[in-house]
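Here is the naming used below: chain letters follow the sequence lines, and residue numbers restart at 1 for every chain. Note: hydrogens, waters and symmetry copies are ignored here, and every other heavy atom, side chains too, is used.
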Amino acid sequence: MTESAFWRATCMLNKLSSMSQLKQLQAIITKSGLHSHITFTTKFIFFSALSTMGNLSYAYSLFQQSSIVMNNPFICNTMLRAFSKSSFPFQALYIYNHMKNTNVVSDSFTYNFVLKACSRAYKFIQESGSCSCGDDELRVVSNKGAEIHCEVIKIGFENDHCVQSSLLYMYSQFGLVSVAHHLFDQIKDTSLVSWNIMISAYDRIDDYESADYLLESMPCKNVVSWNTLISRYIRLSNVEAARRVFSCMPERNAVSWNSMIAGCVSVKDYAGALELFSQMQNVGVKPTEVTLISVLGACAETGALDIGNKIHESLKVCEHKIEGYLGNALLNMYCKCGNLSLAWEIFNRMRMKTLSCWNAMIIGLAVHGYCEEAFKLFSEMEESLGSSIRPNQVTFIGVLVACSHKGLVDKARWYFDHMVKRYQISPDIKHYGCMVDLLSRHGLLEEAYRMIKTAPFQNSEVLWRTLLGACRTQANMELAKISFQQLAKFEQLTIGDYVLLSNIYAEAGRWDEVERLRNEMDYLNVPKEAGYSQIDMNESIKLS
DNA sequence: GTAGGGTTAG
């Protein structure tokens, strides 16, 4: 090891600006025998884990290379920090356990990151929902959080401002807002951050009175306080009120824009979202990952492949990492816009895949008729159970849609059964929808009928409507009549329902019934739905 | 010899 080689490498290290450079530098220092120098490893891991050009799974593989690396407190904190804000917060908890088990020294940073990981893990379990094991998982995470809180007090970090904020945030994510408030009251000199956390905590449990009280009492407001207010209105689908706050607030940052864009997407105002996106760039606010995720969502829903492609290109140019939410948004956009080969490319390049990635790809393949590929991917997913990925209700929609596409009745029955027996997932209306559609289109009207009758839902009109549609193609007047009567029990019958039944009668030559239905329609004044379509023109969406 | 943190948006 020569000193000049060391300095040359250090100099290159400070100018590091892409993963390819990082790998080149790695090769150089390996040759010169400097590879065991912890300074280099630290920088490599830091860059890979946290840079926008990084690669988290690569960072993790570097982390695992030796016990010297794994027992370095700064490196552990770096991995903890990266996982805590990734789509894999559970990995952060593993790192924390590893630190405890091997006596790696923890500091206030460690607690800050691991508390954040608990908050995120809790949120992820909540959002994945609907599985019966979810409650146990939530309990495990909240116990872990409380345990770490005890540790914080024991070691004496409870007066650290950032740790305090992370604790407030964690308890408010757990839904324990009163616990958070109790801690807040005990803080001697509260920071603006802690006020903002409490306000959004009350907002999230819809206690606007308490939120507004805090908002009024706080010593001064900042852009985050205003953003919290924007997101309240967005959550209430009141985009106009959000817009008013947005235009009056003294200062706007990327989050303010992101909230407005996401708000438009959530009320399906995709053109509005794209308009805000271009305004944001015009006033010189740099889009963040979150901006792109929302905009890609708008592209996916409207088929604006051009804009989606442009975003992908710009990410490639600045070598931005494609993983997590962003990777999934791109994947989803390509699937929805029908470019399956680019979707595959994104999917295969993502080293650490979330459940949403698998689901988006399986559904993408299924709806575009690549059914064998969808089944194959599902099997791969089941075989990768060691990676803690397990199919959920959305995954089964994918395989059922694939069965439906190819008319594979037996296979669909098998998946339906498999979902309940192996994964304890109770089928929802969409799974029944797939089954009823498939069965009835294959002439198994009686079986479809029995299925709807035993379905545990109140709102099964969409199922009856599917059956009614199939009764027309199968010319089954008896079941058509039953379906129509069932439909009439729900809200107002649509024009489509009348047309279907009337066509069934017409085809059977029952003109008297056709006449009766027409009169009934006029008498009840059944609303007609205007048809519309969307086209992508000069990067904006037109309705026609 | 030396890095790094909490809130709002998905």
Side-chain angles (χ1 to χ4, degrees), chain A residues 6 10 13-14 37-47 49-50 72-82 84-85 87 107-116 119-120 123-124 127 157 160-170 172-173 180 184 187 190-201 203-204 211 214 218 221-235 242 245-246 249 251-266 273 276 280 285 287-298 324-329 332 354 356:
Chain A
F6 179 82
T10 309
L13 198 60
N14 291 331
H37 207 293
I38 196 82
T39 309
F40 294 109
T41 314
T42 307
K43 256 283 173 41
F44 290 152
I45 292 180
F46 193 82
F47 186 88
L50 292 164
N72 177 300
F74 183 81
I75 296 180
C76 284
N77 280 352
T78 303
M79 290 309 302
L80 201 51
R81 179 183 174 198
S84 76
K85 57 178 187 177
S87 302
D107 57 16
S108 65
F109 287 90
T110 314
Y111 290 100
N112 194 10
F113 299 140
V114 73
L115 288 169
K116 197 171 175 203
S119 319
R120 201 168 167 88
K123 191 176 148 202
F124 275 30
E127 282 171 5
F157 286 126
D160 182 287
H161 264 186
C162 293
V163 174
Q164 282 171 338
S165 299
S166 301
L167 279 167
L168 292 186
Y169 182 67
M170 181 184 78
S172 67
Q173 285 289 326
F184 178 70
I187 299 176
T190 47
S191 64
L192 203 49
V193 176
S194 56
W195 281 91
N196 285 331
I197 294 171
M198 287 315 303
I199 293 165
S200 75
D203 254 19
R204 261 193 298 267
L214 286 174
M218 70 193 296
K221 297 175 189 47
N222 68 356
V223 66
V224 177
S225 325
W226 295 107
N227 287 344
T228 306
L229 210 49
I230 292 184
S231 67
R232 174 195 297 184
Y233 290 124
I234 295 300
R235 220 175 310 114
V245 177
F246 182 75
M249 59 202 279
E251 180 198 346
R252 282 178 278 273
N253 64 9
V255 176
S256 329
W257 287 93
N258 291 349
S259 307
M260 290 306 302
I261 293 173
C264 287
V265 173
S266 73
L276 278 165
M280 177 183 187
V285 179
T288 67
E289 269 195 27
V290 178
T291 323
L292 302 183
I293 292 161
S294 293
V295 174
L296 286 169
Y325 277 118
L326 181 62
N328 201 38
N332 184 50
T354 59
S356 317

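In summary, the side chains of Ser225(A) and Asn222(A) do present a donor paired with an acceptor at a separation below 3.5 Å, with no hydrogens or angles considered.
Taking the side chain as every heavy atom from C-beta outward, Met198(A) and Thr190(A) never approach each other to under 4.5 Å.
Scanning both residues, Ile197(A) and Ser172(A), for their nearest heavy atoms gives CG2-OG, 4.2 Å. Shown here for Tyr325(A) and Ser87(A), the closest heavy-atom pair between the two residues is N-OG, 4.0 Å.
Taking atom NZ of residue Lys123(A) and atom P of nucleotide dG10(B), one finds them 7 Å apart after rounding to whole Å. Across the protein-nucleic acid pair, Gln173(A) atom CD and dG10(B) atom P stand 12 Å apart, rounded to whole Å. At whole-Å resolution of the value, CZ in Arg120(A) and P in dG10(B) are 12 Å apart. In this structure, the CZ atom of Phe124(A) is 12 Å from the P atom of dG10(B), given to the nearest Å. Atom OH in Tyr233(A) sits roughly 18 Å away from atom P in dT8(B) (whole-Å rounding).
Between Phe246(A) and Trp226(A), the ring center distance fails the sub-6.0 Å criterion.
Using bins of under 30°, 30° to 60° and over 60° for the plane-to-plane angle, the ring pair Phe113(A)/Phe109(A) lands in the tilted bin.
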Open item on the list: Does the protein touch nucleotides 2-7 of chain B at the base, only the backbone, or not at all? Give it as B, S and - per nucleotide, heavy atoms under 4.0 Å.
Closed with: -BBBBB
